[in-house]
Protein chains: 2
Amino acid sequence: MENVRELFQVMTKRFGLLNKNCCSIGGTEISLVQSHILYEIDRLKEPSMQQVADSLAMDITTFSRQIQTLVKMNLVKKTPYPEDRRIYILSLTPEGKYVASKIDAEMNQYLNEVFSHMSEFEKESVLRSIKLLNDCMAKSSVCCKPLF
Amino acid sequence: MENVRELFQVMTKRFGLLNKNCCSIGGTEISLVQSHILYEIDRLKEPSMQQVADSLAMDITTFSRQIQTLVKMNLVKKTPYPEDRRIYILSLTPEGKYVASKIDAEMNQYLNEVFSHMSEFEKESVLRSIKLLNDCMAKSSVCCKPLF
DNA sequence: ATTAATATTTGCATTCTGCAAATAAATTTA
DNA sequence: TAAATTTATTTGCAGAATGCAAATATTAAT
């Protein structure tokens, strides 16, 4: 059988390129990491700084600075958490939501284009496979720690 | 149906983490990009600088400097190409080969652990799906340009 | 009331990045 | 063949990203 890692490497590289291409929305130009951060904030509901940083497996100090940038760009809002004043809750501003949704739409459009090269049956099979894979990676003890 | 992008995002993030974990081999500690470069040089046979940079969708100037570092670390060799003296051919030194193979082994071991959580049938299905996906991404006009 | 733990920020030094320009060699054009 | 164009690679530079150590502020534990 062919090299399993090779298959994954090719796939994730291509998907990474897709992601990279999706980072300029109208006037705003954001980096790949910033795109990931927006995505994560949107996905987790009312997360703290620490939570998002953990989920992205990012160093908290780097993350802190990225958030400062995103706040300055008016894409992210930091709200003090009354119950525990050490904590800040992150959320997307309307502009941030707009950018995130635009990126999401573009990504899904690209993915649809990719799936247009296969049958509906194949598409279902591929999606089922990826879901299964994600579940198994979540179960794995050895890797993929960050909670996601 | 659930969000297709979400599935991909989760999967590639986890695989990315795996990759990140696999970058320290014995004494040598290399970055994720450097690991990708070694992988790519090994995969393409006797590639030029430009070829590898293209394949990784990396800026050639950044790439050039990364190669300088890897040459200093004695992991990569640059050989002038007699037929066209503008070109340098890249190859792995024995030490580079060792590091690359160690990383490869570790990655495959991790992946095997992940696959151990599914049946043989499921594993086959997942691998077939990823292969199909790679083919379709290669066909896609809209993205994933870099040749790979 | 101290001490320890947690969340976040800043200082600093290193590395990464990518555009513009330089260099060098090959190819095309006139 | 000489000049102009293209291609491969390297350097200058300046900005961005990274991560460790230390600082700060707050909460939890003793």
Side-chain angles (χ1 to χ4, degrees), chain A residues 13 16-17 19-21 23-24 28-38 40-41 44 46-73 75-91 145-147, chain B residues 13 16-17 19-21 23-24 28-38 40-41 44 46-73 75-91 145-147:
Chain A
K13 169 129 73 72
L17 288 172
N19 253 320
K20 229 189 226 171
N21 288 341
C23 284
S24 81
T28 9
E29 185 82 32
I30 65 176
S31 75
L32 188 56
V33 247
Q34 288 169 344
S35 158
H36 287 331
I37 292 174
L38 294 187
E40 247 351 64
I41 292 176
L44 308 167
E46 320 221 316
S48 71
M49 305 262 300
Q50 200 58 252
Q51 279 169 350
V52 181
D54 282 349
S55 177
L56 290 170
M58 269 183 84
D59 184 274
I60 182 70
T61 70
T62 303
F63 182 77
S64 171
R65 273 181 268 249
Q66 286 287 2
I67 291 296
Q68 288 170 33
T69 306
L70 289 168
V71 167
K72 268 186 217 128
M73 295 168 84
L75 298 175
V76 166
K77 197 169 72 146
K78 267 173 71 178
T79 313
Y81 182 61
E83 256 100 308
D84 183 337
R85 284 172 19 227
R86 292 170 298 183
I87 294 176
Y88 284 92
I89 299 298
L90 298 176
S91 59
K145 311 258 159 53
L147 348 119
Chain B
K13 170 129 70 73
L17 288 172
N19 253 320
K20 228 189 227 170
N21 288 340
C23 285
S24 80
T28 7
E29 184 82 33
I30 65 175
S31 75
L32 187 57
V33 248
Q34 288 170 342
S35 158
H36 287 331
I37 292 175
L38 294 187
E40 243 357 59
I41 293 176
L44 309 166
E46 318 221 317
S48 71
M49 305 262 301
Q50 199 58 250
Q51 279 169 351
V52 182
D54 282 350
S55 177
L56 289 171
M58 266 182 89
D59 185 275
I60 183 70
T61 70
T62 303
F63 182 77
S64 170
R65 273 180 269 249
Q66 286 286 4
I67 290 296
Q68 288 171 34
T69 306
L70 288 169
V71 167
K72 268 186 217 130
M73 293 169 84
L75 298 174
V76 166
K77 196 168 73 143
K78 268 172 72 178
T79 314
Y81 182 61
E83 257 99 309
D84 184 337
R85 289 181 4 238
R86 294 169 299 181
I87 293 177
Y88 284 93
I89 299 298
L90 299 175
S91 58
K145 312 257 158 55
L147 347 120

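Chain A is the first sequence line, chain B the second, and so forth, proteins listed ahead of strands; every chain is numbered from 1.
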Nearest whole Å is fine: how far is [N] [atom2] from [X] [atom1]?
| X | N | atom1 | atom2 | answer |
| --- | --- | --- | --- | --- |
| A:L56 | D:dA17 | CG | P | 14 Å |
| B:E83 | C:dT27 | CD | P | 11 Å |
| B:K72 | C:dT15 | NZ | P | 10 Å |
| A:Y81 | D:dT27 | OH | C1' | 13 Å |
| A:M58 | D:dA16 | CE | C1' | 12 Å |
| B:Q66 | D:dT18 | CD | P | 14 Å |
| B:E29 | C:dT15 | CD | C1' | 14 Å |
| B:L70 | D:dT9 | CG | C1' | 16 Å |

First locate atom [atom1] of [X], then atom [atom2] of [Y], and finally report the distance between them rounded to the nearest 0.5 Å.
| X | Y | atom1 | atom2 | answer |
| --- | --- | --- | --- | --- |
| A:L38 | A:Q66 | CG | CD | 10.0 Å |
| A:L75 | A:S35 | CG | OG | 11.0 Å |
| B:L56 | B:L44 | CG | CG | 8.0 Å |
| B:I60 | B:R65 | CD1 | CZ | 11.0 Å |
| B:Q51 | B:I89 | CD | CD1 | 7.0 Å |
| A:F63 | A:M58 | CZ | CE | 6.5 Å |

Please tell me which of A:R85 and A:S31 maps to the more 5' nucleotide of DNA chain D, matching each residue to the nucleotide holding its nearest heavy atom. A:S31

How would you list, by chain and number, every residue that makes a side-chain hydrogen bond (donor to acceptor under 3.5 Å, both in side chains) with B:R86, sequence neighbours excluded?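 Expected list: B:D84.
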
With the sugar-phosphate defined as primed atoms, P, OP1 and OP2, and the base as all remaining atoms, what B/S/- string results for nucleotides 3-8 of chain C, 5' to 3', for protein heavy atoms under 4.0 Å? --BBSB

Check the phosphate of C:dT15 against B:Q34, side-chain N and O only, distance under 4.0 Å to OP1 or OP2. Yes or no? no

OP1 or OP2 of C:dT10 sitting under 4.0 Å from any side-chain N/O of A:Q68? yes

So do A:I37 and A:L90 actually touch side chain to side chain, heavy atoms under 4.5 Å?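 A:L90 does not reach A:I37 side chain to side chain.
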
Using atom names, set out every protein N or O paired with an N or O of nucleotides 19-22 of chain C below 3.5 Å, distance rounded to 0.1 Å.
unit_1 : atom_1 : unit_2 : atom_2 : d
C:dC19 : N4     : B:T61  : OG1    : 3.0

Which is it for A:T69 and A:I30 under the side-chain contact (heavy atoms from CB on, under 4.5 Å) test, yes or no, and what are the steps along the way? CA-CA 10 Å; A:T69 306; A:I30 65 176; over 6 Å; no

